[in-house]
Protein chains: 2
Amino acid sequence: MAGASYPGSMNTPDDDWLRLDQQICFSLHAASRAFNGVYRQILKDLGLTYPQYLVMLVLWEHDELPVKKLGEHLRLDSGTLSPLLKRLEAAGLVRRERSARDERSVEVRLTEEGVALRARALQVPRRIASSTGFGPEEVRVLRARIDELTTALDAAAALAEPQGGSPATGPS
Amino acid sequence: MAGASYPGSMNTPDDDWLRLDQQICFSLHAASRAFNGVYRQILKDLGLTYPQYLVMLVLWEHDELPVKKLGEHLRLDSGTLSPLLKRLEAAGLVRRERSARDERSVEVRLTEEGVALRARALQVPRRIASSTGFGPEEVRVLRARIDELTTALDAAAALAEPQGGSPATGPS
DNA sequence: CGCCATTCAATTGCACACAACTGAATTGTG
DNA sequence: CACAATTCAGTTGTGTGCAATTGAATGGCG
């Protein structure tokens, strides 16, 4: 237990880090929820939640996909996707059927209704964009920056977690 | 097909917006969860979740605060904070007591244990920062950009939602 | 062929987030 | 003072998100 002594330290004190930390992690947290809130309002017309919309975006591009692949696109696991997909199925937007070739896998496929919904969804991005006041180019730049962050964070998480890698810093 | 062309307009077509929308909203969603994942690992030692950590950050700065004020700092409502605070209380980190001056209000106050936890939390921001690989300046720039986004989104949500202020009724 | 590890989706348990509502306390108004 | 509107924390219900487990199906290996 290192007794911290710091009163006159010239290094960035831990206290300041704690404040800075609050700002970046809180900023992203708040931004995510703000986005969620705007999407919630706009998607209400379509009867979709924000994560359900994300799933539909993927399906509109792929039309048919096993749950596993869907999870890879969205970085979500079956614990999240299974109940979500059941709701989409109950809403009549998708159909789920076990693959004939591999009985473990479940194929998710759009219904006609699900395909048709895309036409109404085409307005969503424009309404979102006008909410942000950002242009296409600004959006692109910001997205690239955020993706860098995500990539770095995922890499760090992968180093700390799995059975293969032993963290040098044990919990003590 | 849906290839509606806008003769004289260089506007981004709906299809492109949909694709771009997929990327930006997914990016932010993924980044938020990636952050959550990294914090989860680091905070496990402290016995805190990420939102609980955010609450503690505020309390370490204010020491005593009514639930309402806490919610304003974090943009969270009592539906989220009440159970969260009960868990922090069960963990012995905070105490909740009805205000004497206003019986509607509940004052949240750190216990000695809660205050003491701050010393262990001082390492967290450094570990997060190293996970991102971003320097302080990069973090500042990105944060500013994200905050712009949040501000714009909140403003848009406020216009669309409230009871009195329908867009038509809005002040010109 | 039989056995075992792996791969899937689904389920369970816990913790947010948020809308909608409840109920108690306070404030504003006459 | 009485009464209605407002403020505040708490509760309920729905929908993620994730860790851990379950159970069926598959593939590899001898």
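Predicted model, so just to flag it, every value in this text is computed and none were measured. Protein chains get the first letters and strands the later ones, always in sequence-line order, with residue 1 at the start of each.
Side-chain atoms of B:Arg98 come within 3.5 Å of backbone N or O of B:Arg104 as a donor-acceptor pair. Using modelled atom types, no side-chain atom of B:Thr80 and backbone atom of B:Leu76 make a donor-acceptor pair closer than 3.5 Å.
B:Leu85 has its CG atom 14 Å from the P atom of C:dA15, to the nearest Å. Rounding to whole angstrom units, CZ of residue A:Phe35 and P of C:dA17 are separated by 18 Å. Atom-to-atom, CG of B:Leu70 to P of C:dA17 comes out at 13 Å; the value is rounded to the nearest Å. In this structure, the CG atom of B:Leu81 is 16 Å from the P atom of C:dA15, given to the nearest Å. The distance from atom CD of A:Gln41 to atom C1' of C:dA19 is 12 Å, rounded to the nearest whole Å. For the pair B:Leu88 CG and C:dC14 P, the interatomic distance rounds to 17 Å; values are reported in whole Å. For A:Lys69 and C:dC8, the NZ to P distance is 8 Å, given to the nearest whole Å.
A salt bridge links A:Glu138 with B:Arg145; the closest basic N to acidic carboxylate O contact falls under 4.0 Å. With respect to A:Arg96 and A:Glu89, a salt bridge is recorded, a charged nitrogen being found less than 4.0 Å from a carboxylate O. Between A:Asp45 and A:Arg127 there is a salt bridge, since a side-chain N of the basic residue sits under 4.0 Å from a carboxylate O of the acidic one.
Taking a 4.0 Å limit (strictly below) on heavy-atom distances, residues 94-107 of chain A reaches DNA chain D at A:Arg101, A:Asp102, A:Glu103, A:Arg104.
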B/S/- contact track for nucleotides 13-18 of chain D, protein heavy atom under 4.0 Å: --SBBB

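Listed pair B:Ser82 / D:dG10 meets the phosphate criterion, a side-chain N or O lying under 4.0 Å from OP1 or OP2. Between B:Lys68 and D:dT6 there is no side-chain N or O to OP1 or OP2 distance below 4.0 Å.
B:Lys44 comes within 4.0 angstrom of nothing in the nucleic acid, heavy atoms only.
More than 12 non-hydrogen atoms from other residues, nucleotides or ligands lie less than 6.0 angstrom from CD of B:Glu97.
Taking both residues in full, the closest heavy atoms of B:Gly114 and B:Trp60 are given as O-NE1, 3.0 Å, listed atom of the first, atom of the second, then distance.
Two rings, from B:His29 and A:Phe35, have their centers 6.0 Å or more apart.
Using a 4.5 Å cut-off between side-chain heavy atoms of Ile, Leu, Val, Met, Phe, Trp and Tyr, with links allowed through other members, B:Leu54 and B:Val115 fall into the same hydrophobic cluster.
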